[in-house]
Amino acid sequence: MLKFRIIEKVDKMAVFDLDMIKAVYEKYPSRIAAARKVVGRPLTLTEKILYAHLWDGNATIAHERGKSYVDFAPDRVTMQDATAQMALLQFMQAGKKKVAVPSTVHCDHLIQAKVGATADLQRSLNENNEVFNFLSSISNKYGIGFWKPGAGIIHQVMLENYAFPGGMMIGTDSHTVNGGGLGMIAIGVGGADAVDVMAGMPWELKFPKLIGVKLTGTLSGWTSAKDVILKVAEILTVKGGTGAVVEYFGDGAISLSCTGKGTICNMGAEIGATTSTFGYDDSMRRYLNATGRADVVELADQIAEHLTGDADVYANPDNYFDQVIEINLSTLEPHINGPFTPDRGTPVSKMKAEATVNGWPLKVEWGLIGSCTNSSYEDMARAASIVEQAVAHGITPKAEFGINPGSEQVRYTIERDGIIATFEKMGTKVFTNACGPCIGQWDREGAEKQEKNTIVHSFNRNFSKRADGNPNTHAFVTSPEMVAALAIAGRLDFNPITDTLINDKGEEVKLLPPKGDELPTKGFDVEDPGYQSPAEDGSNVEVIVKPDSSRLQLLESFPAWDGQNIRGAKLLIKAKGKCTTDHISMAGPWLRYRGHLDNISNNMLIGAENAFNGKANEVVNQLTGATGEVPAVQRAYKALGIPSIVVGDHNYGEGSSREHAAMEPRHLGVLAVIVKSFARIHETNLKKQGMLGLTFANEEDYEKILEDDTFNFTDLTDFAPGKLLTLEIVHADGSTEEIKLNHTYNAQQIEWFKAGSALNLIKLQEN
Ligand code: MIC
Ligand code: SF4
């Protein structure tokens, strides 16, 4: 049975790590002064936070955006259960007694939504006992705060307890960026990056480009903060933010609630942005006060001028940002994005036409509200106001409805305030405070029939198969209040601004726009937030990984590079089109193997489309000519010691931070991944794990790669920063051609490749 030490009441909880926050703020004035001197012009907020967190202290040179690799000293690290396992299995090898910066683990991804919170949570505890015990004990040992299953979704818990204006945080989840809602620079990374920071080493990032988003006007009617990011996603697309930080400003920005800002930053992961952020303002003060952190407000107020961009930056943004976008909140329409990609935006008024032209099923089967991006008090209150109206008018909802509150604090408070009771009047299922359907942890009845159907949700992502495993589920992303309206109407083309519904008396009813408090008027409340503080001295705490476990496996070091050019490599797969980390290492049922590298490797690339036959998980074994599943064919190459490569399209590895997508190919013997372009976190993950992550110098060379080619890297022995690599392609008819490959490895990263992984290098340095 699981046992957790619990701290009782949130109002008795002291602010976490206040001394750390104090220390960060004390350095701010001198760090900003130094930055001003080297940069020589007014500063954006992003620059202030980055320059205030340089590993080497005060800035001595100005860094070049999109070019300079810079060492940073983040203030904290955050990890969720599905990625923490691999991160901490690696940290165990680093030979440290304790983490060097405040760190936390949050159990949220492993809990399946089926019948409702109580039963679902119990089932998850039973099923994942071994993993939760591992995470709880390893956290206890190394001084890491542990949030038990049911405590909430990592990013909501983070915003409620740890995020602070001007802070810098990294986390092993792409939506760590939620912290921008409280004015942080919070960045999603792979576990190996987290290990660097927890081991007391610098964290490296290419100095980002800056995108400024000026918000004017104010939200009204059916439009909400979610629509801002749905619009930005439509403008920038899933790769438009790559390598950039998005900084929001303007009167419109100030008018948004803090959790609304969190929503916008959270879903910034979907445009590939390094992170997004907002300047410190009253909405943040209100939120910090409401969540018991008046002490942080007091400290932040003393250096408030440093916690937002300089006035001239916001007055003349074109002079400071690489790209500027302006959005008028007063004229912004509610959006519905999808299906299958979060950047396909459709304003609600155009949905009828779009859906008809594209043949999207108009009947909405499910409405789901939750996920890290939209599970705040305000979100729940606004959605409930729509449900309340429907109930009052005698309207029977046409679709099924489920909610996942973002944290136990939100759940407890919305229960106290009658919001859960409102949802229940419509038969809503209240699932655990966890990711649930958002990460495929949804035992949806009938999904196995693979019928074409439509669901609407307030999540971030809607990649194929993500929520219920059914490739024919058309998932659309929209705001919680729009989810409520569409689920009640049961139609994707319902426009609550113009359309009416028919009630049980046959009368026409028009729903009024949503209403809901930004923060609970009676304050937040909670009985058991679900936190376990770590032991002061964890040296005697035992961490158990059973040798015969199917869930956990201690890691073995990857082999170092043998110093030779790679010759005779086979093509494992040439992936076509979208290849997200969900395609490379699927979540849902595979989450159970996140701590066992060999077992999870059986899902490697099973979702990627093979460019030669248009199918998923079917490739030709070039040694036998037979077709087989991708992991099996790769295991056959590995058994014979034959190197292989993977080829991919644009934005390869988009989506999540899961480093399994890099560790699996590494473990199974793939040596290089060559693509048209990478998503940032995945590219770094490949480098950290000692792989070659390369891009075609000429994109069209993708076409030259044939299924039965053999590949030779002819100048790997001269691998150097800024120097192209050469790939010789030997076609089956014996003809050869040479192509050039680009890379972004700096000198240090080339050392990771040589050592076999970044962790191998840490271990070498320890000895
Ligand atoms: C996701 O939303 O895809 C996840 C699950 O939160 C991932 C992390 C993971 O794969 O565990 C993410 O976004 O980084
Ligand atoms: Fe969890 Fe979904 Fe948020 Fe990922 S996007 S952290 S799975 S709620």
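Just follow the structure's listing: the first ligand is 1, and inside any ligand the first atom is 1. A quick note: this is a predicted structure, and the numbers were derived from the prediction, not measured.
Between F463 and F340, the ring centre distance reaches or exceeds 6.0 Å. Between F476 and H457, the distance from one ring center to the other does not fall under 6.0 angstrom.
Those atoms of ligand 2 that come under 4.0 Å of a heavy atom in H155, given as number and element, are 6 (S).
Side-chain contact annotation: T580 with D582, donor-acceptor N/O pair under 3.5 Å absent.
Counting non-hydrogen atoms of neighbouring residues, nucleotides and ligands closer than 6.0 angstrom, the NZ atom of K578 exceeds 12 such neighbours. The local environment of CD in E445 is sparse, with at most 12 non-hydrogen atoms from other residues, nucleotides or ligands closer than 6.0 Å.
Geometric assessment of K688 against the ring of W752 yields a positive cation-pi assignment under the 6.0 Å and 45° thresholds.
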**Study point:** Trace of the side-chain hydrogen bond (donor to acceptor under 3.5 Å, both in side chains) decision for S124 with Q112
**Key:** CA-CA 7 Å; S124 160; Q112 200 185 43; over 6 Å; no
Review point. Step by step, would you call N685 with Q689 a side-chain hydrogen bond (donor to acceptor under 3.5 Å, both in side chains)?
Key: CA-CA 6 Å; N685 285 345; Q689 301 301 338; over 6 Å; no
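In H106, neither the side chain nor the backbone holds a heavy atom less than 4.0 Å from any atom of ligand 2. Looking at D108 against ligand 2, nothing comes within 4.0 Å, counting heavy atoms.
Between H660 and R594, the shortest heavy-atom distance links the atoms NE2-O, 2.8 Å.
The number of protein N/O/S atoms found under 2.8 Å from atom 2 (Fe) of ligand 2 is 1.
Taking 4.5 Å as the limit, every side-chain heavy atom of T274 sits out of range of all side-chain heavy atoms of K209.
The distance from atom CG of D528 to atom OH of Y412, rounded to the nearest 0.5 Å, is 10.5 Å.
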Between the protein and ligand 1, which nitrogen or oxygen pairs come in under 3.5 Å, and how far apart is each?
residue: ligand 1; atom: 2 (O); partner: R461; partner atom: NH1; Å: 3.1
residue: ligand 1; atom: 2 (O); partner: R466; partner atom: NH2; Å: 2.7
residue: ligand 1; atom: 3 (O); partner: R461; partner atom: NH1; Å: 2.8
residue: ligand 1; atom: 3 (O); partner: R466; partner atom: NH1; Å: 3.0
residue: ligand 1; atom: 3 (O); partner: R466; partner atom: NH2; Å: 3.2
residue: ligand 1; atom: 3 (O); partner: R658; partner atom: NH2; Å: 3.0
residue: ligand 1; atom: 6 (O); partner: H109; partner atom: NE2; Å: 2.8
residue: ligand 1; atom: 6 (O); partner: D173; partner atom: OD2; Å: 2.6
residue: ligand 1; atom: 10 (O); partner: R594; partner atom: NH1; Å: 3.4
residue: ligand 1; atom: 10 (O); partner: R594; partner atom: NH2; Å: 2.9
residue: ligand 1; atom: 10 (O); partner: S656; partner atom: OG; Å: 3.4
residue: ligand 1; atom: 10 (O); partner: R658; partner atom: NE; Å: 2.5
residue: ligand 1; atom: 10 (O); partner: R658; partner atom: NH2; Å: 3.2
residue: ligand 1; atom: 11 (O); partner: Q80; partner atom: NE2; Å: 2.8
residue: ligand 1; atom: 11 (O); partner: R594; partner atom: NH1; Å: 2.8
residue: ligand 1; atom: 13 (O); partner: S174; partner atom: OG; Å: 2.5
residue: ligand 1; atom: 13 (O); partner: R461; partner atom: NH1; Å: 2.9
residue: ligand 1; atom: 14 (O); partner: S174; partner atom: N; Å: 2.7
residue: ligand 1; atom: 14 (O); partner: S174; partner atom: OG; Å: 3.3
residue: ligand 1; atom: 14 (O); partner: S657; partner atom: N; Å: 2.8
residue: ligand 1; atom: 14 (O); partner: S657; partner atom: OG; Å: 3.0

